[in-house]
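Below is one structure, written out as structure tokens, with a few remarks after it.
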Amino acid sequence: MVYSTIANPLLLVIFLISLFSSKALLASAEEAAALLKWKSTFPTKVENPLLSSWTLKPNSNPCSWYGVSCINASVNRLNLTNSSISGTLNNFPFSSLTNLEFLDLSMNHLFGSIPSQLGKLSKLVYLDLSMNQISGNIPPEIGLLTRLQTLHLVANLLNGSIPEQIGQLRSLTELALYSNNLTGPIPASMGNLENLSYLYIYGNLLSGSIPSGIGKLQNLVHLCMDSNHLEGPIPQEFGFLNNLELLNLFNNHLSGSIPPEIGNLTSLTELSLKENNLTGNIPKSLGNLINLNLLHLHGNQLSGSIPKELGNLKLLTDLELSGNQLSGPIPSSIGDLSNLEILFLRDNQLSGPIPEELGKLTKLVVMEIDTNKLSGPLPQHLCRNGKIQNFTVSNNMLTGHIPRSLKNCSSLSRALFSNNQLTGNISEMFGVYQDLYLMDLDNNKFYGELSDDWGRCKQLGRLQISGNNITGPIPPSLGNLNQLKVLDLSSNQLHGEIPKELWNLTSLLHLYLNSNKLSGLVPQDLRFLKELLALDLSSNSFDGPIPRTLKDCPKLYYLNLSNNSFYRDIPGEIGKLAQLSVLDLSFNSLTGQIPCEFEGLQSLEILNLSHNNLSGTIPKGLGAMPMMIELSFNNLEGPVPEGKAFVNATIEQLQGNKRLCGKIIGLNPCEIPHSIEKHSKGERLKIALSIVVPLLGALVLLSAIVGFLLWRRTRKERKSQIEDGFSISIFDGKEMYSEIMEATKGFSEAFCIGEGGHGKVYKAKLSSNKIVAVKKLHLFDEIADRKGFLNEIRALTMIKHRNIVKLFGFSSNAQNSFLVYEYLERGSLGGVLSIEEEAKILDWVKRANIIKGISHALCYMHHECSPPIVHRDITSNNILLDYEYEAHVADFGTAKLLKMDSSNRTALAGTYGYVAPELAYTMKVTEKCDVYSFGVLILEVIKGKHPGESITSLTLCPSETTLPIKDLLDDRLSYPTPEIENVLISIIKTARACLNSNSKYRPTMKIVSNMLVMAAP
């Protein structure tokens, strides 16, 4: 029967179709069951509507399901991109889908690792698992997918190294692994991928050198390895990738010179080597890249001149060479780049005039050539296209007038001309700009009067015209600028009264009108500026009383009304400005007494009331405040209060007050009681002797009686001090010791929250619910002088400063020696900066305030404590943050209290990377060592990590050069606004002063603190 059926051709075909159909249906059913089993592992709180077709209904098969395609009833494509799938790949049917060629699970919510079973999909041609939360390593079994042409694992949480087996995927044309956490070197086996056209591995943590074998992949069109930690030179072989259109190697640690062979890549449209450590000249051969649209070489250490051959790049739209060491003139051939829209040449050492040919750049939108040594006039046709938005030429030596065409450039949004020698009538050279948010004309030679047109630039947020020769009144129209945050008209020749309209600027943060010829009253309407941080009206001719409504500006930290004609008393309401750091009312005609309310200004660091007509006594509370105080040339009388404000005061700070007395050299001692003063010297001596001699006799007798008792108790007291947990503390010593031992379970590791150079730190919750931090000292940290140690602890517990961690006390016995501090919620600054999510919360303003707070603490320790306290180990790990991210210096005084010859001496001298250079040849620790360490810390806070070798290049930078700020910023944060950028530049300049290799040229912390007060946002 079978033979006869086979013999009939028609019946044979029917038989085979039936046989294969049954097998296909069986395979299809198996694939369906496997896919449904995977689906069953997804969360079932809400049914995914896209997968509603995934069911085993009658006459249903997976080939009709959403995202599934088949060949011969077998699944060969699975496209579930952006399908709201949540789950893992652990139960994916790798073994069942043996015919799968296309798999796209991108843009879902997959987590977990990539199973090694992936290697069973031997027919796979396309694999995309991008934009999920997949973690773990890339399995080496991926090398079994030898038919794979496209591999995308983008934007996941993958870590570990790229497996060497990836070099087995010789059919691969696209490899995209970017935006993960991959580490280790780029495998040399990648050089085997001869069909590769697109290689994207940027945005990882890859390190090591670039394998030269990649330079042999002749089919490469896009090569992107940027934003890693790659180092070493750019392989010369890259110059032979003739099909390459895009080459991005930026934001690495690449060194050496740019290979001239790169100039052979005539197909290139984009070349970015920015933010590396490249040196040498810019190769002239880059002028051969005639298809180039973008050339980014900024943020390197390139030197020499800008090659004129770059003028051949007619298609170039974006040219950025900033932040290098380029010198010589700007080549006139740059004017031939007719398509250029962006030109960045800032932060170099370029000299000579700005070529007139740049006026031919009719498509130019952004031009920044500031911070160079350019001289001569500005070309008058630079802005004639009317399209320019960002025009920056500050910090040069330019002369002449602003280009006339700028007046009609309605697109202007940011313009910086500061620190040049530009001139011209300011009332004629500017127009109305609807998008302008920053105008900086500081420190030039402009003259004329301010135009009302400034009040029509509605988006203006910062207007700076200080240091010129501007005359006339302040235009009332400025009151229309409701976005204005900074107004600086200082150091001009302005006259008249402050227009009342100015008090409408409710967003204003900084108002500087000092050093003009302004007059009249300062009205009470000042109260409307509730956001004001800094107000400087000094060196004018204002008169009348100081407005009491200043109390309604609660955020004010800088107030300078000096060198005016204010009279009457000082309003006590100023004492309500809790944030005030600097108050200068000197050189006025103020009368009355110093308000006792000033005792409430706990943030005050500088108080200058000199050259007035103040009378009465100095409030006692001022003496206890840690600040620099100047009271000279008034009519003050009575004793100078004792305390921190006057502990280092000199006669110069108090002279000109005829009836002040005290212990300060140059002042008369305070009078003794009148009943004694009326006697002659001889009589006073007799009286004194008649009192003192009997007292001395009684003292000798008393000493004889109790001497033996004191001697007998000495050992017992010492034992109580040293062995029985005696402590100098705000708590009861023995109770505190017992509580801490109980709260930490005998210093169990479960309560350990950190470890420093001198011991581990534990968190302890006391019975009062107060939480303290307890630093248990290492056993080898010996105390040189126990009595002196306890005296030091007693002094340190008296320290009170908002930016210093409060030390409650010390306890010691044979087993445990520890210090008790206040507990700060957010831990160390170093810890916060090391965690990306937390570091992002520390925005630029928070970081600037952290730096400012640390400086205040060190200033207090160096200048307000007697004797001065040198910290010796200023690092990010010794700065603690409270809940509001305010900085507190910790471990102050610890190094000073421990033996200098102990085995922990390296920690005493400081932490590697923060130590002042003079300590390499001397162990003499001074306040200037702290200043150096603080300079390092500033850069660490700004960069988000230790600055490393950039400290050397920073200190070698010529004094007249502004720093390349982009190289020093934490790239985890968005680039700062122009206002904050200027603040950061000032802060970095301060850091650079602190890092002077010669300690005597470093500023004191008092100077540093004042500099940062002026720079703070």
Side-chain angles (χ1 to χ4, degrees), residues 227 229 250-255 274-279 296-302 320-326 344 346-349 368 370-372 392 394-395 829-830 832-834 836 839-840 842-852 854-855 874-876 879 913-914 931-997 1008 1011-1012 1015-1017:
S227 301
H229 300 310
F250 62 86
N251 198 18
N252 279 288
H253 304 301
L254 300 174
S255 56
K274 66 179 182 179
E275 309 295 344
N276 279 289
N277 298 315
L278 299 172
T279 56
H296 285 181
L297 302 179
H298 59 277
N300 283 286
Q301 300 171 39
L302 299 171
E320 302 190 24
L321 307 178
S322 298
N324 283 288
Q325 299 169 24
L326 300 172
F344 283 104
R346 63 180 298 182
D347 296 309
N348 280 290
Q349 300 175 36
E368 293 192 4
D370 55 304
T371 318
N372 281 286
T392 304
S394 55
N395 299 307
L829 173 61
V832 171
L833 290 175
S834 67
E836 183 167 353
K840 288 180 178 178
L842 285 185
D843 57 30
W844 297 122
V845 173
K846 284 190 178 74
R847 296 192 189 201
N849 287 331
I850 284 171
I851 291 168
K852 178 185 171 186
I854 300 168
S855 76
I874 293 295
T875 72
S876 57
I879 306 300
Y914 299 85
V931 174
Y932 183 91
S933 300
F934 179 64
V936 177
L937 183 60
I938 288 178
L939 298 182
E940 181 176 359
V941 175
I942 298 298
K943 194 174 181 63
K945 59 184 179 181
H946 191 279
E949 295 180 358
S950 62
I951 293 176
T952 303
S953 59
L954 191 70
T955 54
L956 292 176
C957 193
S959 59
E960 69 274 10
T961 304
T962 301
L963 303 170
I965 187 174
K966 291 182 181 178
D967 296 349
L968 299 173
L969 297 183
D970 190 340
D971 54 16
R972 294 173 294 185
L973 300 184
S974 58
Y975 196 83
T977 63
E979 176 186 345
I980 298 298
E981 181 183 11
N982 287 336
V983 170
L984 295 177
I985 289 173
S986 298
I987 292 175
I988 292 170
K989 285 181 179 179
T990 303
R992 182 176 151 207
C994 295
L995 293 171
N996 197 305
S997 58
V1008 170
M1011 291 168 67
L1012 292 173

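Predicted model only: the values in this text are computed from it and were never measured.
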**OP:** Could you check Thr279 against Ser255 for side-chain contact (heavy atoms from CB on, under 4.5 Å), going step by step and ending with a plain yes or no?
**Re:** CA-CA 7 Å; Thr279 56; Ser255 56; over 6 Å; no
**OP:** Output yes when Arg972 and Glu836 qualify as a salt bridge under the 4.0 Å nitrogen-oxygen rule, no when they do not.
**Re:**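 No, this pair does not count.
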Would you find a donor on one side and an acceptor on the other, under 3.5 Å apart, between the side chain of [X] and the backbone of [Y]?
{"X": "Thr392", "Y": "Glu368", "value": "no"}
{"X": "Asn324", "Y": "Gln301", "value": "yes"}
{"X": "Asp370", "Y": "Asn395", "value": "no"}
{"X": "Ser933", "Y": "Tyr914", "value": "yes"}
{"X": "Asn849", "Y": "Arg847", "value": "no"}
{"X": "Trp844", "Y": "Ser974", "value": "yes"}
{"X": "Asn276", "Y": "Lys274", "value": "yes"}

Non-hydrogen side-chain atoms of [X] and [Y] separated by less than 4.5 Å:
{"X": "Leu278", "Y": "Leu297", "result": "no"}
{"X": "Val941", "Y": "Ile879", "result": "no"}
{"X": "Glu940", "Y": "Lys945", "result": "no"}
{"X": "Tyr932", "Y": "Cys994", "result": "no"}
{"X": "Asn277", "Y": "Asn300", "result": "no"}

**OP:** Show your reasoning for whether side-chain contact (heavy atoms from CB on, under 4.5 Å) applies to Leu842 and Asp970.
**Re:** CA-CA 10 Å; Leu842 285 185; Asp970 190 340; over 6 Å; no
Supply the atom-to-atom distance [X] [atom1] to [Y] [atom2], rounded to the nearest 0.5 angstrom.
{"X": "Ser855", "Y": "Ile851", "atom1": "OG", "atom2": "CD1", "answer": "9.0 Å"}
{"X": "Asp971", "Y": "Asn251", "atom1": "CG", "atom2": "CG", "answer": "5.5 Å"}
{"X": "Ile942", "Y": "Leu937", "atom1": "CD1", "atom2": "CG", "answer": "10.0 Å"}
{"X": "His229", "Y": "Leu254", "atom1": "NE2", "atom2": "CG", "answer": "12.5 Å"}
{"X": "Leu973", "Y": "Ile980", "atom1": "CG", "atom2": "CD1", "answer": "11.5 Å"}
{"X": "Glu275", "Y": "Asn252", "atom1": "CD", "atom2": "CG", "answer": "10.5 Å"}

Heavy atoms only: give me the nearest [X]-[Y] pair and the separation to one decimal.
{"X": "Gly323", "Y": "Asn348", "value": "N-ND2, 3.9 Å"}
{"X": "Ala848", "Y": "Ile987", "value": "CB-CD1, 3.7 Å"}
{"X": "Ile938", "Y": "Ala991", "value": "CG2-CB, 3.6 Å"}

**OP:** Could you please spell out the steps behind the side-chain contact (heavy atoms from CB on, under 4.5 Å) verdict for Asn372 and Leu326?
**Re:** CA-CA 9 Å; Asn372 281 286; Leu326 300 172; over 6 Å; no
Original post:
Just one of Ile874, Thr875, Leu995 clears the side chain to side chain contact (heavy atoms under 4.5 Å, CB included) bar with Val936, so which one?
Top reply: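 For Val936, the side chain to side chain contact (heavy atoms under 4.5 Å, CB included) test succeeds with only one of Ile874, Thr875, Leu995, which is Leu995.
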Original post:
Is the centre of the Phe344 ring less than 6.0 Å from the centre of the His296 ring?
Top reply: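 Judged by ring-centre distance (under 6.0 Å), Phe344 and His296 do not meet the cut-off.
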